[in-house]
J.: 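This structure is in structure tokens; I'll ask about it shortly.
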Protein chains: 2
Amino acid sequence: MATEQIFKNRLKVARAEKDLSQDELARLVGVTRQTIGAVETGQYCPSARLALSICHALGKKFEELFYLEESK
Amino acid sequence: MATEQIFKNRLKVARAEKDLSQDELARLVGVTRQTIGAVETGQYCPSARLALSICHALGKKFEELFYLEESK
DNA sequence: ACAAAATGTCAAGTATGCATTGCAAAAAGA
DNA sequence: TCTTTTTGCAATGCATACTTGACATTTTGT
């Protein structure tokens, strides 16, 4: 196993900038609060569809919110 | 009523621009040929992780390759 | 025309995203 | 402090992404 790619995000900060709660963002994009929370804390990687609508809701480009990081 | 968001992509063209086969792209991003084929023909929406590594492999930004479209 | 490479597709199985419910802790506001 | 809002976390279940293997069809190259 060479280079493992870890999926990360800057959701928490971007959400704070818009002054939105997890629940408010969740309603905007049509998922539950728990789903937003889980994505935010890195519990799992969202679908590209969900990730895209989060981008739209927060007024950010994809690469500003989501990225891959190398792990050792 | 339900303004349904449909997940679409421009993978086929972008892949052709790089002169890569589905199999070559698949190996680059670490999935199977069938998975690339299925994403390309819109059979399903990839994970944000897979979508991102496809972007990297094709040298494109996310929004250049993937987008949401309104349908009725 | 022929062979090889590329693509479409299908079935069955595994992995994981996401919903739902519920409870507890932390933060914010009065 | 007391109360409300927000967030974390866990279990169960359904939906869907992704794998593996296999076969048919189309495209490309000689």
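Order of the sequence lines fixes the chain letters, A, B, ..., with proteins taken first and strands second; residue numbering starts at 1 for each chain.
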J.: Hey, are B:Glu17 and B:Lys60 close enough for a salt bridge, meaning a charged N less than 4.0 Å from a carboxylate O?
T.: yes
J.: Looking only at heavy atoms, what is the nearest atom pair of A:Leu20 and A:Arg15, with distance?
T.: O-NH1, 2.7 Å
J.: Among D:dG21, C:dC18, D:dT19, find the nucleotide with the atom closest to the side chain of B:Gln34.
T.: D:dG21
J.: Between A:Ser47 and C:dC18, does any side-chain N or O lie under 4.0 Å from OP1 or OP2?
T.: yes
J.: Once you round it to whole Å, what is the distance between C1' of C:dC18 and CD of A:Glu40?
T.: 16 Å
J.: Between B:Lys12 and C:dG8, is there a contact of a side-chain N or O with OP1 or OP2 at under 4.0 Å?
T.: yes
J.: The side chain of A:Ser21 lies closest to which of these nucleotides: D:dC18, D:dT7, D:dG8?
T.: D:dT7
J.: Which part of the nucleic acid, if any, lies within contact of A:Arg15, taking any heavy atom under 4.0 Å across all strands shown: a base, the sugar-phosphate backbone alone, or nothing?
T.: sugar-phosphate
J.: Among C:dT7, D:dC18, C:dC18, find the nucleotide with the atom closest to the side chain of B:Tyr44.
T.: D:dC18
J.: Just checking, B:Arg49 and A:Tyr44: is the charged tip under 6.0 Å from the six-membered ring centre and within 45° of the axis?
T.: no
J.: Please report the distance, rounded to the nearest Å, between CG in B:Leu50 and P in C:dA15.
T.: 18 Å
J.: Just how far, in rounded Å, is C1' of D:dT26 from CD of B:Gln22?
T.: 12 Å
J.: Within the modelled atom types, does a donor on one side and an acceptor on the other bring the side chain of A:Arg33 and the base of D:dG8 under 3.5 Å apart?
T.: yes
J.: Contact class for B:Thr35 (heavy atom, under 4.0 Å): base, sugar-phosphate, or nothing?
T.: base
J.: At their closest point, which heavy atom of B:Tyr67 faces which heavy atom of B:Asn9, and how far apart are they?
T.: CE2-N, 4.0 Å
J.: How far apart are the closest heavy atoms of B:Cys55 and B:Phe62, and which atoms are they?
T.: SG-CA, 3.5 Å
J.: Specify the separation, in whole Å, of atom CZ of B:Phe7 and atom P of C:dG17.
T.: 15 Å
J.: Check the distance between D:dG8's C1' and A:Leu11's CG and give it to me in whole angstrom.
T.: 16 Å
J.: Describe the nucleic acid contact of B:Thr32 in one word from base, sugar-phosphate, nothing, applying a heavy-atom distance below 4.0 Å.
T.: base
J.: What's the CZ-C1' distance between B:Phe66 and D:dA17, to the nearest Å?
T.: 14 Å
J.: Quick check on DNA chain C: between B:Thr41 and B:Arg49, whose nearest nucleotide comes earlier from the 5' end?
T.: B:Thr41
J.: Nearest whole angstrom, please: distance from the C1' of C:dA4 to the CG of B:Asp23.
T.: 14 Å
J.: With a 4.0 Å limit, can you tell me whether B:Gln43 has a side-chain N or O closer than that to the phosphate oxygens OP1/OP2 of D:dT16?
T.: no
J.: For the pair made of CD in A:Glu24 and C1' in D:dT4, what is the distance, rounded to whole Å?
T.: 14 Å
